[in-house]
Amino acid sequence: MPWKMSRRRAITLAGAGVGLGAAGLAGGAALTRDPAPEPVSDVVPFAGPNQAGIVTPAQDRLHFVAFDVITKDRDKLVQMLRDWTAAAARMTAGRDAGEIGAVNGEPEAPPDDTGEALGLPPSSLTITIGFGPSLFQRFGLASQRPAVLEPLPRFTGDTLDAAISGGDIAIQACANDPQVAVHAVRNLARIGMGTVSVRWSQLGFGRTSSTAVGQATPRNLFGFKDGTRNLKAEQTDLLREHLWVQPGDGPDWMTGGSYLVTRKIRMLIETWDRSSLTEQEGIVGRYKGSGAPLGADAEFDEPDFTSVGADGQPLLATTSHVRLAHPDTNQGARMLRRGYNFVDGSDGLGRLNAGLFFIAYQRDPAKAFIPVQRSLAANDEMNEYVRHVSSGIFACPPGLTAPDDYWGRALFA
Amino acid sequence: MRKPPLLLAVAAVCTVAACGSGDSGADEAAGGPIAVKATDTGCEVGKTTVDAGTSVFAITNGGNKVTEFYVYAPGDRVMAEVENIAPGLSRNLHVELPAGTYETACKPGMIGKGIRGALTVSGSAPALTEDAKLAEATASYSRYVKSQTSALETKTTEFVTAVKAGKVDEAKALFPIARTYWERIEPVAEIFGDLDPRIDGREEVTEEGMKFGGFHRIEKDLWAAKPDISKDGPIADQLLTDVKEIVQKANAEKLSPLQLANGAKGLLDEVASGKITGEEDRYSHTDLWDFNANVEGSKAAIASLRPVLEERDPALVKTLDTEFANVDTALAKYRDGDGWKLHNQLTQADLKTLSDAINALAEPISKVAAVVAKKA
């Protein structure tokens, strides 16, 4: 492909079907439902019954952002959601954020795309939206608030910073190229100026979960495989039971959606690094090398909670992470985890400001994240090495299926 | 801000409406000057209907606050203004007005919308063509620049005099006031190369071989733990010399409509990058004075372009009106007497609210240039 080709042109050449599908939405209101004949390998379809970016095979990079709504004008908010939807459809298809583009407009006008993604492939970009509990206190939305969408309770040991917690609207942008993810967030923030204001945002550089059977389990910054027992895209029945909001669960606008919990978990890297391998494996409950549960042979072997070691203590300590987080200890609770490692440089004491930006989707947080975290917060030996510094919960509506759909249409109907 | 390219070199053609404001004494309207009695709470204008042509207003400040007097066309487009009328003083204002509806305003304390009154000008004037409207925009803004530069020179002279006399408190009080006139028209000042950094440069941006001088050097000495301005005489003299030079150059400069548009945006960029952060007036913390002046200057540039914008993009004008009003409301919370709270008295949350309001305004303002540049 020649250099200096516009991003739009590159995509049109690469996969006309997808380009056209997105263009229909970009042009105004129409989201064309023509099935794309041959999707380009690194385009994740934007439309569908569920939002992309949840069971989509976890991409390598994250830019997550939470907004406060600063307008009091409901129509203005709705218009922004329409504009966001059109821009998100374009960007996930590998196109510019605006209809004109980064370099094709009038010279006197600021471009309607910021340009840093020119020449970059779509990179499996997904843009996923969620609405926080605080949004429902305004705009006449109180009656639409799902009962389970409540600010998370305080957990033992929480050291949350309100400035990087919560928010009225969240956007999760995931891509295999960090610049593509940042581009998406930056352009949405720009479109939203005057309507929303960025409250906080977080970059993540390495996925810590796999969400599809084919994906290898990655490692978190403790050096351990993370998310071995995650829900996977292929487990349709389990997803229905544990991930997607079902008819009758709550307000209709959430059917097909999912609840998103975010926790920024700072890891105390330096002290962890000087703990012995035995201590580390004991805390996690898995072997650091293979990821197998202690006492088992392979990563995906079921943990054995009953065996005891020579000292008469359980092989898997009652305070080990794997035991405390396991569905068997939590009334079968399952979540789809989708977290990312982060390093925000170093702190003033020379320590790595690093950890896990935990992301989990679930059908009902009261039956999944909340009881699991309560148990972990109270008992997990890992707590000595982690600090939860930010927290968020968001209701992510279902995907867009109708031609004139936009994010939040059913909610604001 | 860098010098904006002169893409649209529309000369400031004198139209019927544009010329003769200010200094021609020959064609005063019949019946003598219209008396304006300005006080701290009132603005009594002798006549509210006049004939098209030149009107002369004689403004007397009977109040205790320094005041200003404006004649506005719709949308607060400045047709003429006189700044800095001290208590007890009288000033005459000449203005040539085509038929239409206008507003007069006194601004005791030099702040806010002022005390408004209606002014009707009867007679006939041909409608302006597109080009004439653009020319009128630049002419209108030139009038604004002239009024600001005049006040800038006066107030800088007072400031410099106080500094040289070693009057620390007086100089401190005059510092943000003199800067107000500077900040309102800073994009114009920035056209003239070295003069801007010499007058307004901050310590860290002083180029190699250049001495740290100007407003901020004196600010640093005035707000030091133990203020010492005994050696600032030469710096103050140089400041006044530079200001006089820039005033003369600014008044002679022919601005293009595109420069107005870019200037309106540039002023908000100044707010977003320098005032919100408190880095502009880091010693005195009087950033909110500059903040307000930047917004006023931006508003004046947009007001000059208003007839063109209303014709080409009325929705944009509406958005700008709303967002300017939002900025004013957000800023008004930090009014303190005749001045403003100090930057370090605001919380991070306060500053975030102001930043959001500026962003909400600056995004639509960034679209003005293309609308102005568009061929009719």
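To find a chain, count down the sequence lines: A is the first, B the second, and so on, and within it residues start at 1. Everything numeric here is computed off the predicted structure, so don't read it as measured data. Side chains included, hydrogens not; waters and symmetry mates left out as well; all remaining heavy atoms used.
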Which heavy atom in A/Gly194 sits nearest to a heavy atom in B/Ala360, and how many Å separate them?
CA-CB, 3.1 Å
In this structure, CG of B/Asp356 is separated from OG1 of A/Thr71 (nearest 0.5 Å) by 11.5 Å
Trace of the salt bridge (charged side-chain N to carboxylate O under 4.0 Å, His left out) decision for B/Glu323 with A/Lys76:
CA-CA 13 Å; B/Glu323 299 300 347; A/Lys76 193 173 172 184; 3.1 Å; yes
What distance do B/Asn326 atom CG and A/Ile70 atom CD1 have between them, rounded to the nearest 0.5 Å?
9.0 Å
Residues in side-chain hydrogen bond (donor to acceptor under 3.5 Å, both in side chains) contact with A/Asp83, at least two apart in sequence or another chain
A/Gln79
If I take atom OG from residue B/Ser366 and atom CE from residue A/Met193, how far apart are they, to the nearest 0.5 angstrom?
10.0 Å
Distance col, row A/Asp112:CG vs B/Lys367:NZ, nearest 0.5 angstrom, shows 9.0 Å
Checked B/Ile358, B/Asn359, B/Thr353, B/Val368 vs chain A; the most non-hydrogen pairs under 4.5 Å come from B/Asn359
Residues of residues 273-283 of chain B under 4.5 Å from chain A (heavy atom pairs)?
none
Check side chain to side chain contact (heavy atoms under 4.5 Å, CB included) between B/Ala301 and all other residues, then give those that pass, not counting sequence neighbours.
B/Tyr141, B/Ala264
Could you tell me which portion of A/Val198 (side chain, backbone, both or neither) has an atom closer than 4.5 angstrom to a non-hydrogen atom of chain B?
backbone
With A/Asp73, which residues qualify under salt bridge (charged side-chain N to carboxylate O under 4.0 Å, His left out), at least two apart?
none
Can you name the closest pair of heavy atoms from A/Glu106 and B/Ala370 and give their distance?
OE1-O, 3.7 Å
